[in-house]
Student: 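Have a look at this one.
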Amino acid sequence: MRIEDMITTGTLRSYGDQSPVKKMLHAPTMKLYVVKEEPLHNKEIRKNLKDWISFWQNKFANSNLHVQVYATFWNTPEGYVSIVMEYMNGGSLQNLLESMGFLPERSIKQLVPPILQGLQKIHQQGAQCHGALGPSQILFLRDGTVKLGQGLQYRVQVQGNQLFNSYILGKPKDVQSLYDPTILETPSLWSKASSEKVHFPAQEDFILERANDIWKLGWLVLNCAIGTLEFHPKAQQIYEGSRIIIEEIAKYTDHLKDTCCLLHSEAKVISLVEQNQKTVSEPTKITILELLPSDKFSPEFIQFLCSTLKIDPRQRIYTEQLLQHPWLVSGRDPKGPNVQLKELLNISNAWNAFLPEEFQGQGAQKLERLCDALYLVLQNSERPTVNKMQLQENSPIIKELSYDMGLNAKAVSDRIMSIFQSLI
């Protein structure tokens, strides 16, 4: 695969680190990929990325739980690494939450097992963790398949790297929402454990960063259930408390003795933050638990959240145990509306379905630009490996391109086939 044979067909929305993410067509094979351009600020970041990409490719090749990585092009463009990855045509959990606001329990229950299984595979590989488990890292195919993204944000961090931290943290936080990337995926919620040597007694097989993966999973599930803390009067204290629990929990083990989880010990977390900030305010009249009413969420769901959002990281249970949690295996019907995850994905992605003829002008222009680029690239590339059957109107690639452009599949097929025939 050569980067010169790739044609940009669109730019995808990027979260967290704002690195460019492009949807690209590999001209000789007519396959769609995603290419993420990650900046290389220094040698340490380069090494972190190289090690993690190599690990991901070696351990998760052909995995149905992890987004595939096919190639890397270092210093292309200059100062960046271009990572060629699997194109997930159903979008991300971030997209879904921004479309829907929140998800019913039944859909969340369908979402969690593949995330847990993907996380389990990572945790089984020595001392590895994912680190950046957030909505933008949960990706879908249109058939409802769920896969974990690489979580590159976690790997480009360097302790004390002020350039990176100021680049992220300097962005405006104008939407106080649990799934908003400027809140959820700043380093405060996917940062590495502190490099300070703080005494933290734990059992021999305990790995703090894995326990933090479990917390982030719980935070993710909470995001799906309530969508936003906009109406919670102590939202900022909860965000800051979450940062402390991820980054500095070893310093506060004495202050947080006899606590349970974020749901059942919310008041203690808020109190700790207010003590640190030397502020005093009225007790909150709304709690997170009150945002999870019993007519919409089952007791087992609340128990699952409690298991993942334990304040003491040593009390969070492992992925193996979570996969056997009663909420996932009991067979009891979830509370709330009977809506499948795939149905929500179809609704969320429906905006760019087939357009009426009078609105197809922009799509037709996009098709012409693509065909012009195809002609130029194919003239100077390796021999195309695509056959005529792959360019028929019912083929996956033609369906995907026609869906993307809002055009009739036959029109797309005929136009692209004419380009290949002109080069024979």
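Counting begins at 1 with the first residue of the sequence.
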Student: Quick one: sort the Phe297 and Phe301 rings into parallel, tilted or perpendicular, breaks at 30° and 60°.
Tutor: parallel
Student: What do you reckon, are the aromatic ring centroids of Phe55 and Phe60 less than 6.0 Å apart?
Tutor: yes
Student: Donor-acceptor pair, distance only, cut-off 3.5 Å: does the side chain of Gln321 make one with the backbone of Tyr318?
Tutor: yes
Student: Could you tell me whether Lys23 atom NZ has more than 12 heavy atoms of other residues or ligands within 6.0 Å of it?
Tutor: yes
Student: As a quick check of understanding, evaluate salt bridge (Lys or Arg N to Asp or Glu O under 4.0 Å) for Glu266 and Lys234, giving each step before the final call.
Tutor: CA-CA 10 Å; Glu266 178 185 340; Lys234 304 279 187 175; over 6 Å; no
Student: Any donor and acceptor pair, going by atom type alone, linking the side chain of Asn89 with main-chain N or O of Leu141 inside 3.5 Å?
Tutor: no
Student: Using a cut-off of 6.0 Å, state whether more than 12 heavy atoms not belonging to Arg2 lie near its atom CZ.
Tutor: yes
Student: With sequence neighbours excluded, tell me which residues meet side chain to side chain contact (heavy atoms under 4.5 Å, CB included) with Val269.
Tutor: Ile245, Leu262, Ile311
Student: Going by the rule side-chain hydrogen bond (donor to acceptor under 3.5 Å, both in side chains), which residues pair with Lys47 if we only count those two or more places apart in sequence or in a different chain?
Tutor: Asp51
Student: If you draw the axis of the six-membered ring of Tyr403, does the NZ or CZ of Arg142 fall within 45° of it and under 6.0 Å from the ring centre?
Tutor: yes
Student: Heavy-atom count around Lys335 NZ within 6.0 Å, excluding the residue itself: above 12?
Tutor: yes
Student: Under a 3.5 Å cutoff, is there a donor and acceptor pairing between the side chains of Gln275 and Ser271?
Tutor: yes
